[in-house]
Amino acid sequence: MPEPLRSLTYVSRVHGTMSEAEFTHLGLEAARLNALDGITGLLVFNGARFCQTIEGAPSAIDSLLERLEADPRHQDLAIVDDGAIAQRRFRSWDMQL
């Protein structure tokens, strides 16, 4: 039986400012770590706010959420959707920006 999958979408505000180069670095680091944890997803940033959907094993999503909540680049993190999914929507994206 395949491992259950969880999808979580959150929004947050960037703490301070973030340059395009810093955002690119963040995305590359997220892709590297997500690949190790079997997490796929999509990250959108408009210069002030993040919106991210992540999907993977429930325990991996819990661990990533803990890291995000402790990350000083994020503030006012709010979960907007969280639940089980039957299959990945971002199957081949370790982290797409």
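Below, all heavy atoms of this structure are taken into account, side chains as well, without hydrogens, waters or symmetry copies. All residue numbers in this chain count up from 1 along the given sequence.
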Requested in this report: For the pair F50 and V14, evaluate side chain to side chain contact (heavy atoms under 4.5 Å, CB included) and give the outcome as yes or no after the intermediate values.
Outcome: CA-CA 7 Å; F50 296 101; V14 68; 3.8 Å; yes
[atom1]-[atom2] distance between [X] and [Y], expressed to the nearest 0.5 angstrom:
| X | Y | atom1 | atom2 | answer |
| --- | --- | --- | --- | --- |
| L33 | L64 | CG | CG | 8.5 Å |
| I61 | L8 | CD1 | CG | 6.5 Å |
| R6 | I39 | CZ | CD1 | 10.0 Å |
| E69 | Q75 | CD | CD | 14.0 Å |
| T40 | R89 | OG1 | CZ | 9.0 Å |
| H25 | E20 | NE2 | CD | 15.0 Å |

Side-chain heavy-atom pair [X], [Y] within 4.5 angstrom cut-off:
| X | Y | answer |
| --- | --- | --- |
| I54 | S7 | no |
| L43 | F23 | yes |
| H74 | D71 | yes |
| L77 | L65 | yes |
| E55 | L5 | no |

Practice item. Let me see the working for S12 and D76 under side chain to side chain contact (heavy atoms under 4.5 Å, CB included), right down to the final yes or no. Key: CA-CA 5 Å; S12 67; D76 302 328; 5.9 Å; no
May I ask whether L26 and F45 are part of the same hydrophobic cluster, defined by side-chain heavy atoms of I, L, V, M, F, W, Y residues being less than 4.5 angstrom apart, directly or through others?
-> yes
Scanning both residues in full, the closest heavy-atom pair of P58 with P4 reads CD-O, 3.3 Å
How close do L68 and Q52 get, counting heavy atoms only, and between which atoms?
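Closest approach of L68 to Q52, heavy atoms only: CD1-OE1, 4.1 Å.
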Any chance you could lay out the side chain to side chain contact (heavy atoms under 4.5 Å, CB included) test for R13 and R49, step after step, and finish with the verdict?
CA-CA 4 Å; R13 289 188 308 124; R49 298 189 66 78; 2.6 Å; yes
- Salt-bridged, R67 to D37, with N to O below 4.0 Å? yes
Practice prompt. Have a look at T9 and tell me which of I79, L42, T53 forms a side-chain contact (heavy atoms from CB on, under 4.5 Å) with it.
Written response: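 Answer to the side-chain contact (heavy atoms from CB on, under 4.5 Å) test with T9 among I79, L42, T53: T53.
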